[in-house]
Amino acid sequence: MEITLKTSEEIAKMRVAGRLAAEVLEMIGPLVQAGITTEELDKICHEHIVNVQHAIPAPLHYKGFPKSICTSINHVICHGIPSEKKLKEGDIINIDITVIKDDYHGDTSKMFIVGKPSILAERLVKVTQECLYLGIKQVKPGAYFGDIGAAIQQHAEQHHFSVVREFCGHGIGRIFHEPPNVLHYGKVGTGPEIIPGMCFTIEPMINAGKRHMKMLADGWTAVTKDHSLSAQWEHTLAVTETGYEILTLRTEEQALIS
Ligand code: MF3
Ligand code: CO
Ligand code: CO
């Protein structure tokens, strides 16, 4: 399958789906507190997506995934399954939301810190968010996907963190995961050229320790092999004639992005 270019009508639909996904993260933020279970967070997001947004939570039953959101705590890299486990003081948690509205997907995630984090946890979360923004800044017609990966890898490694290799960003549209694979490491000037109308995610997973991962027996939960902390942030973007549009931008970020 090839990389598809979206028409402006399709991008308008992606914009709606992206805004809804961002809005779920805005809605759930105040509830991410010590004592709540990730299953409760899943239920609240599910109800909001289905009953308020009249949209579909894309993860539910996707390739057999059992829940509507992914919740990845501490050493979990990604695809954590909501459970009866309660959040506790000092946890860092990624919540990953994908909604389908009018056939199009919006996919975004952010880190939340429960109470007071360790200095390492705070640095990891911040550097990983910077990695996402540095990757995004590479996006413009005529640049290459390798430029995104190189910017992310450079920043993570400069801070003595490592980039997970087993998962990547992806093209997105009517299909949840479509070409290209958007690597979070690599070399400037390599990979496909970036062209207006492309829509894709950037979603770096950065570990405080070594880059290697281990899959748990549930077949979904990816954890760091060395049990070090891991963080991830994700946006869905559309390539414009001059650069990019972040389709999943949250209100809290509008000042942050320059
Ligand atoms: N939202 C994830 C991504 O960023 C994919 C989750 S698939 C699931 O691509 F099945 F685990 F939910
Ligand atoms: Co994604
Ligand atoms: Co996602």
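- Taking Ile, Leu, Val, Met, Phe, Trp and Tyr as members and joining any whose side-chain heavy atoms lie under 4.5 Å apart, directly or through other members, the hydrophobic cluster of Leu247 also contains Met14, Tyr104, Ile172.
- Panel note: side chain Asp42, backbone Pro82; no donor-acceptor pair is recorded below 3.5 Å.
- A donor-acceptor pair is defined here as one N or O able to donate and one able to accept, closer than 3.5 Å; no such pair exists between the side chain of Glu245 and the backbone of Ala238.
- Summarising the local packing, CD of Glu241 is surrounded by 12 or fewer heavy atoms from other residues, nucleotides or ligands at distances under 6.0 Å.
- Using a 3.5 Å distance cut-off with no hydrogens or angles, the side chains of Glu178 and Thr4 do pair a donor with an acceptor.
- Ile3 places a side-chain heavy atom less than 4.5 Å from the side chain of Pro192.
- Counting heavy atoms from C-beta outward, Ile148 and Phe200 have side chains that approach closer than 4.5 Å.
- Looking only at distances, no side-chain donor or acceptor of Gln129 sits under 3.5 Å from a matching main-chain atom of Val125.
- Donor-acceptor pairing under 3.5 Å is lacking for the side chains of Thr224 and His75.
- When atom types are taken as modelled, the side chain of Ser68 and the backbone of His46 share no donor-acceptor pair closer than 3.5 angstrom.
- Ring centers of Tyr62 and His177: under 6.0 Å apart, within the cut-off.
- Panel note: side chain Thr201, backbone Gly169; no donor-acceptor pair is recorded below 3.5 Å.
- Counting only distance, with no hydrogens or angles, the side chain of Asn94 and the backbone of Ala231 share no donor-acceptor pair below 3.5 Å.
- Salt-bridge annotation for Glu39 and Lys67: present, with a side-chain N of the basic residue lying under 4.0 Å from a carboxylate O of the acidic one.
- At least one donor-acceptor pair closer than 3.5 Å links the side chain of Lys101 to the backbone N or O of His54.
- The shortest distance between side-chain heavy atoms of Met205 and Val163 does not fall below 4.5 Å.
- Side-chain atoms of Glu203 and His184 include no donor-acceptor pair closer than 3.5 Å.
- Applying the side-chain hydrogen bond (donor to acceptor under 3.5 Å, both in side chains) criterion to Asn74, with sequence neighbours excluded, gives Asp91.
- With respect to the salt-bridge test (charged N to carboxylate O, under 4.0 angstrom), the residues Arg19 and Glu26 qualify.
- Aromatic ring pairs are classed by plane angle as parallel below 30°, tilted from 30° to 60° and perpendicular above 60°; the pair Phe167 and His79 is perpendicular.
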